[in-house]
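Below is one structure, written out as structure tokens; comments come after it.
Reminder, nothing fancy here: chain letters follow the sequence lines and each chain counts from 1. Below, each value reflects all heavy atoms present in this structure, side chains not excepted, and no hydrogens, waters or symmetry copies.
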Amino acid sequence: NPYEGLVRCLRAAWLSGKTRPMEYRVAQLEALERFLDEKKQEILEATGSDMGKPSFEAEFSEILLCKNELHETLNNLSRWMKDEHVYKNSAGVPEGLAVTVSPLRRPLNLPPGNCVVIKPSEMTKNTERLVAEALPSYLDKDCFAVVTAGAQETTRLLENKFDYIFFTGTPSVGRIIMTAAAKHLTPVTLELGGKNPCYVSDTCDVQNVARRVAWGRFFNAGQTCIAPDYVLCSLEMQEKLLLALSKTIVDFYGSNPQKSPDFGRIAGEKHFQRLQELLCSGQVVIGGETDEAERYIAPTVLADVHPSDPIMQEEIFGPILPIVPVANMDEAIDFINSRERPLVVYAFSSNDKVVNQVLERTSSGGFCGNDTLMHVTLTSLPFGGIGSSGLGMYHGKFTFNTFSHHRGCLHRYMGRETINALRYPPYTQQKLAMVRAAAEVKRKGACTLL
Amino acid sequence: MERMQQVVGQARAAFNSGRCRSLEFRLQQLKALERMVQEKEKEILAAIKADLHKCEPNAYNHEILGVLGELALAIDKLPSWAAPQPVKKNLLTMRDEAYICPEPLGVVLIIGAWNYPFVLVMHPLIGAIAAGNAVVVKPSEISENTAQLVADLLPQYLDRELYPVVTGGVSETTALLTQRFDHILYTGNSTVGKIVMAAAAKHLTPVTLELGGKSPCYIDKDCDLAVACRRITWGKYMNCGQTCIAPDYILCDPSIQSKVVENIKATLQEFYGEDVKSSPDYERIINKRHFKRIVGLLEGQKIAHGGQTDEASCFIAPTILTDVSPESKVMEEEIFGPVLPILTVKSVDEAIEFINRREKPLALYVFSNDKKLIRRVISETSSGGVTANDVFMHALVPDLPFGGVGNSGMGAYHGKYSFETFSHHRACLIKDLKMEVVHKLRYPPGSQKKVDW
């Protein structure tokens, strides 16, 4: 077990109790913020080399959102850590040793109070290297370790016992992680994915819709777990949307997106090939150009896509937007419900009722009406999936709660023993009657016979 | 296998019909469940007596009272639990609606245990129904009378398709676990807990595992020993020690060990009289297999009190062991029987260290007049829950989450926590299509000016 020594040291550090005081956690979180500030250039460069991420996008999704989380945590930590008095109980005890297996893109949020093993994705080599080299000089090496590992080494890492595992990635790897976690009864949060449907009704401001949908789809060259994966709309709306999307893409990226500094690239040859093959679905109406040397795929829109087309069988995770025509909202809802529950459902309409119908009659991790991606910018909303799109949630206080154990505590008095006598044997019907009267939670409106 | 597919398929179709979404429907089902408990009280108590040799007042206290309380709470609070919760917004979302919407998960599975066979199925069922789910109920086959009763009664009071009961043993449970559920709540031991979680992993099904462990009980020198020992005796020997949160073993200073034994002996006399075997208030071990297991733990131990057994009736007398070695068999597994080992430690530091060297337990008990010491023990250890100066009581407070940590389990339930366990908290953001000018800031082409702003 190549990681046994590391895990043992971290556990010893955890048992020493040094991560428990608030001052320690604040110091580590502040160090993490310094890492984001001082290494900003390097982070932008690394994500740029890994996937051509435009610095605007990197700054927004990698740095800004992280700093928001850090500030939210620092502002509220003392309150979150406090005992929550119910009947004199306490809450928010850190779990111990957590491992987080992190995504392509976002540097992670440190679970406060725990010791952490961080395993960044091996697919984005530059970011992985940056995190592995720079992060340890900011954080306490006794308590936070970065491990670089491919699939095989990660399997070995998972043989160790952790007190929590946080994983962001695909459902198939999610199953492997949860199966490994089961051997040690380790609780998990799995942030997975799926095909996020985007219903566009006939009553809407098409140009605004096109902008918001295009922004969500092509951000990070489509490699966002919450990107709108495919559009459902009427044939009539499809026509209007194609025109509006065409204009929007030129507004955003110019007439040759390959030259735009604001459009990313695909992270890895394997994914580039995979995406290229999906282009044979439906009709390529916008884009469709590819350049293997740069791993560039143009912002692409496919029309008249059929549910059985290859592009509708897997999460796209690229800058291709298929439009699947449906007759009406009911058909769209049935379509969504006949498939795995996604991370997010999107619905666009100027009619509130339509948005609410889609919300009420579907199930997904989250929901955003009349926009894309924005629900994750609110730290007060939980972020997580359902069914094959994931289990558990995080962001803001939900991150704190995820990595905490809420311990129910009751302090009793040694006195008043005579009251307790009711519960002790020998049991009598009289005692029972008194217990019934004293302990029952009465329904409001029920009368009590004195 | 086919039968399981059919049962679960039917439940899923019933769930998809949407009829359990409305609060009215859920309340109607909960009220029907309440009627069932009230009308069939005699039958329920008789089944529990047949399974565990438990007298009526005891069974009522342990199994009926809590269920009625949980039902009353759910019926009363459901509208507020199920209401969307608005959340704090930021500048970008100021004009939007942002809220968390609790939604049902779908079809959930509840696997009960045999030691409190009725309440351990009912408690989670109440939360699952309240949260709007379809529920497959699998009571433990070891408490066969209660399992059969649950299978007979639920269809008489509840929607048959939404809340089917599946009876059977290991092979039926294994077949059931191959089906896809949207949540599984299992109560039992860690070994099977791992099997349940591994099966759940295949479908990415979230789980709540209510497991067990060895719940330590530290008695400080500075405490009212008579009161402490009475409360410990009550908790330890209730249900013949077959309680997941029973104080498993005692840690105390060597100087008070004999006083502890004396006090427990005196209390046992008060509770069960001279001849424990003939007391109607003392239960039996559930079956021969567990009987033999527990008797095996007594081997080589110093028996300070008790030790009498009768295999024919699965009777084991309330037993106390002293000067127990940490390496002995009785300290290796959860006892789940009326055997109380006492281990001596020279200080609270030693007690804390002892507790931390072992798997995290479901409950932790500490008896002391010194509040600082109590807080210290709590903050320097980890466990599912804690009661200080008593036993069990934290599990009876409806506002406290009940669950384990580490080997003793994951997730929690009881009261509002049951509702939350069986719900999905869906983040919702509703914007309008206007105010586009505000959004222009985030669209490409990007520029440093935009970012800086």
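- Across A/Leu378 and B/Lys88, no two heavy atoms sit closer than the pair CD2-O, 3.5 Å.
- Using a 4.5 Å cut-off between heavy atoms, B/Ala412 makes no contact with chain A at all.
- With respect to A/Arg20 and B/Glu380, no salt bridge is recorded, no charged nitrogen being found less than 4.0 Å from a carboxylate O.
- Side chains of B/Ser383 and A/Arg407: a donor on one and an acceptor on the other come within 3.5 Å.
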Exercise for review: May I have the step-by-step check of salt bridge (charged side-chain N to carboxylate O under 4.0 Å, His left out) for A/Asp163 and B/Lys360, ending in yes or no?
Suggested key: CA-CA 11 Å; A/Asp163 300 298; B/Lys360 296 180 196 179; 3.8 Å; yes
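- Residue B/Arg180 places its CZ atom among more than 12 non-hydrogen atoms of other residues, nucleotides or ligands, all under 6.0 Å distant.
- For B/Arg375, the part lying near chain A is the side chain, with the backbone staying farther off; criterion is any non-hydrogen pair under 4.5 Å.
- When only modelled atom types and interatomic distance are considered, A/Thr377 and B/Arg442 share no side-chain donor-acceptor pair under 3.5 Å.
- Side-chain contact annotation: A/Tyr427 with B/Asp281, donor-acceptor N/O pair under 3.5 Å absent.
- A/Met414 and B/Cys223 make their closest contact through CE-CB, 3.5 Å (heavy atoms, listed as atom of the first residue, atom of the second, distance).
- Interface remark: of the candidates B/Ile100, B/Asn389, B/Thr233, B/Val196, B/Asn389 forms the most heavy-atom pairs closer than 4.5 Å to chain A.
- Checked for salt-bridge contact, B/Arg21 and A/Glu360 miss the test: no charged N lies under 4.0 Å from a carboxylate O.
- The nearest pair of heavy atoms linking A/Ser349 to B/Leu433 is C-CD1, 4.1 Å.
- Heavy-atom minimum distance, B/Met197 versus A/Thr186: CE-O, 3.1 Å.
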